[in-house]
Amino acid sequence: MEKRDYYEVLGISRGADESEIKKAYRKLAMKYHPDRNPDDHASEEKFKEVQNAYAILSDRDKRSRYDQFGHAGVDSSMGGGGGFNGFGDVFDDIFENIFSGGRGRGRQSQGHRGSDLQFNLQLTLEEAAAGKQVEITVPRHVSCQPCNGSGAKPGSKPKECETCGGIGQVRIQQGFFSIQQTCPGCHGEGKIIKDPCPDCHGQGRVRESKKLTVKIPAGVDNGDRVRLSGEGEAGSHGGSAGDLYVQISVKAHSIFERQDNDLHCEVPISFVTAAIGGSIEVPTLEGRVTLKIPAETQTGKVFRLRSKGMKSVRGHGQGDLLCRVAVETPVNLSREQKELLTQLQESLESSKKTHSPRSTSWFDGVKKFFEDMKF
């Protein structure tokens with residue numbers, strides 16, 4: 001099962017305190033425990049997911065790193081890759097003893113899947129529109145080559161734990177109760193490495209950085225993720241590797257604003273062009289295009305340029321470019337220009353036609369408003 005956000009897994013907010021985290025964990029662990037859901041693979045995977053989330057969020061240091069860097073900031077060997085020590089193991093053992101009816105059914109230690117990782121990638125709007133191939137460098141744990149991930153020195157093998165017989169758990173009798181707990185000899189692994197590999201010091205994994213080429217599809221947006229299967233943390237003791245998620249964020253653009261697959265921009269025009277009409281050039285992600293402005297255009301008028309927006313990342317067509325017109329008032333006028341504008345204004349006012357319908361309508365509304373206020 002792919003790892004999700006740990007807060008989402010436990011169904012809690014990012015501001016949850018320790019008691020809320022523990023309460024949420026207990027409830028979900030009881031619900032998905034394998035002994036309560038026999039032969040239910042989905043429940044078993046959810047149980048592991050809940051354990052992983054609790055292992056990180058119940059530890060102050062790990063939680064802090066996770067809040068800051070996500071999965072990439074958490075060392076999977078300390079809890080991100082499945083299973084954990086302390087309270088979680090005891091809690092799990094008690095569940096197993098209760099649901100197994102005290103039969104003492106042990107489980108052979110198995111490999112754990114590696115943690116998923118996240119890499120944050122920032123793109124420009126132009127890059128997001130066209131798509132691209134990028135090369136990234138990801139630090140992660142990989143399987144130790146000399147020992148082939150076993151943790152044992154080349155030429156030797158891990159030996160079965162004599163304390164638990166390779167089960168990874170031991171049974172302790174306390175009066176009328178029999179409690180099954182993690183084996184103290186092998187810490188639940190079922191095997192003992194007496195001669196550890198000098199390269200990984202018995203961990204079976206080593207830290208390294210790997211360069212990867214990622215193909216970003218055209219049309220990606222903020223929050224989209226590209227998954228690279230098997231490029232996350234290496235699993236332990238033969239477990240499969242996790243996945244790498246490339247998280248996309250798109251920089252704000254100086255001209256365009258994106259809404260879904262449509263692009264929006266504001267286009268300033270002179271009041272002369274707005275009055276008598278004309279043509280202007282407007283930018284698109286594919287180059288310049290000519291936009292015809294009809295006479296008597298008002299501020300706020302929106303012109304739609306079909307298929308000049310963003311491509312759909314799923315390949316379903318292309319958005320539009322919506323240009324909102326803003327009529328610009330001229331500034332820094334000379335005396336002659338001011339006189340010409342005054343003459344124009346006098347000519348408009350002397351005309352019997354209405355040249356400013358919106359203004360006339362607005363002032364008529366204001367006049368009626370004050371009249372209605374009279375008692």
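Numbering starts at 1 and runs along the sequence shown.
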Look at atom [atom1] of [X] and say whether more than 12 heavy atoms of other residues, nucleotides or ligands are closer to it than 6.0 Å.
X	atom1	result
Glu18	CD	no
Glu328	CD	no
Asp17	CG	yes
Glu336	CD	no
Glu126	CD	yes

Could you check whether any side-chain N or O of [X] sits under 3.5 Å from a backbone N or O of [Y], counting only pairs where one atom can act as donor and the other as acceptor?
X	Y	value
Thr342	Lys338	yes
Asn37	Asp40	no
Ser312	Gly317	no

Taking ring pair (Phe, Tyr, Trp, His ring centres under 6.0 Å) as the test, write out the residues that go with Tyr66, two or more places apart.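 Only Tyr6, His71 meet the ring pair (Phe, Tyr, Trp, His ring centres under 6.0 Å) criterion with Tyr66.
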With His253, which residues qualify under ring pair (Phe, Tyr, Trp, His ring centres under 6.0 Å), at least two apart? Phe256
One pair to check against side chain to side chain contact (heavy atoms under 4.5 Å, CB included): Leu263 and Lys308. What are the steps and the verdict? CA-CA 8 Å; Leu263 294 177; Lys308 294 299 182 181; over 6 Å; no
Does the side chain to side chain donor-acceptor pair (under 3.5 Å) test come out yes or no for Arg26 and Tyr54, once each step is laid out? CA-CA 10 Å; Arg26 286 178 173 175; Tyr54 180 74; over 6 Å; no
State, with a plain yes or no, whether a side-chain heavy atom of Ile248 is found less than 4.5 Å away from one of Asp221. no
Single-linkage hydrophobic cluster, 4.5 Å side-chain cutoff, Leu333 and Leu340 together: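 Different clusters: Leu333 never reaches Leu340 through Ile, Leu, Val, Met, Phe, Trp or Tyr contacts under 4.5 Å.
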Going only through I, L, V, M, F, W and Y residues with side-chain contacts under 4.5 Å, is there a path from Val313 to Leu125? yes
Thinking salt bridges, do Asp243 and Arg113 make one under a 4.0 Å N-O criterion? yes
Testing the basics here: between [X] and [Y], what is the closest heavy-atom pair and its distance to 0.1 Å?
X	Y	answer
Ile193	Ala152	CG2-CA, 3.9 Å
Asp262	Asp320	OD1-N, 2.8 Å
Ile56	Lys62	O-CB, 3.7 Å
Ala24	Ile12	CB-CG2, 3.8 Å

Taking only residues two or more places apart in sequence or in another chain, which ones pass salt bridge (charged side-chain N to carboxylate O under 4.0 Å, His left out) with [X]?
X	answer
Arg140	Glu231
Lys132	Glu127
Asp67	Arg14
Glu8	Arg4

Looking just at side-chain N and O atoms, do Ser150 and Asn148 make a donor-acceptor pair shorter than 3.5 Å? no
Partners passing side-chain contact (heavy atoms from CB on, under 4.5 Å) against Gln247 (at least two apart in sequence or in another chain): Gln118, Asn120, Arg225
Which residues pass the side-chain contact (heavy atoms from CB on, under 4.5 Å) test with Gln318, not counting sequence neighbours?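 Applying side-chain contact (heavy atoms from CB on, under 4.5 Å) to Gln318 gives Glu286, Lys311.
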Report the C-alpha distance between Gln343 and Glu339 in whole Å, list the side-chain angles of each, state the deciding distance to 0.1 Å, and finish with yes or no for side chain to side chain donor-acceptor pair (under 3.5 Å). CA-CA 6 Å; Gln343 293 175 20; Glu339 291 175 353; 5.4 Å; no
Sequence neighbours left out, cut at 3.5 Å: what donor-acceptor pairs do the side chains of residues 212-220 make with other protein atoms?
none

CG/Asp224 to OG/Ser249 distance, rounded to the nearest 0.5 angstrom? 11.0 Å
Which ILVMFWY residues can you reach from Leu322 by hopping between side chains whose heavy atoms are under 4.5 Å apart? Val302
Members sharing Val142's hydrophobic cluster (side chains within less than 4.5 Å):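 Via sub-4.5 Å side-chain contacts, Val142 links to Val206.
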Does anything in residues 269-282 form a side chain to side chain donor-acceptor pair (under 3.5 Å)? List the pairs, not counting sequence neighbours. Ser270-Thr273, Glu281-Arg288
Could you walk me through whether Glu233 and His141 pass the side chain to side chain donor-acceptor pair (under 3.5 Å) test, one step at a time? CA-CA 5 Å; Glu233 296 274 23; His141 282 103; 3.2 Å; yes
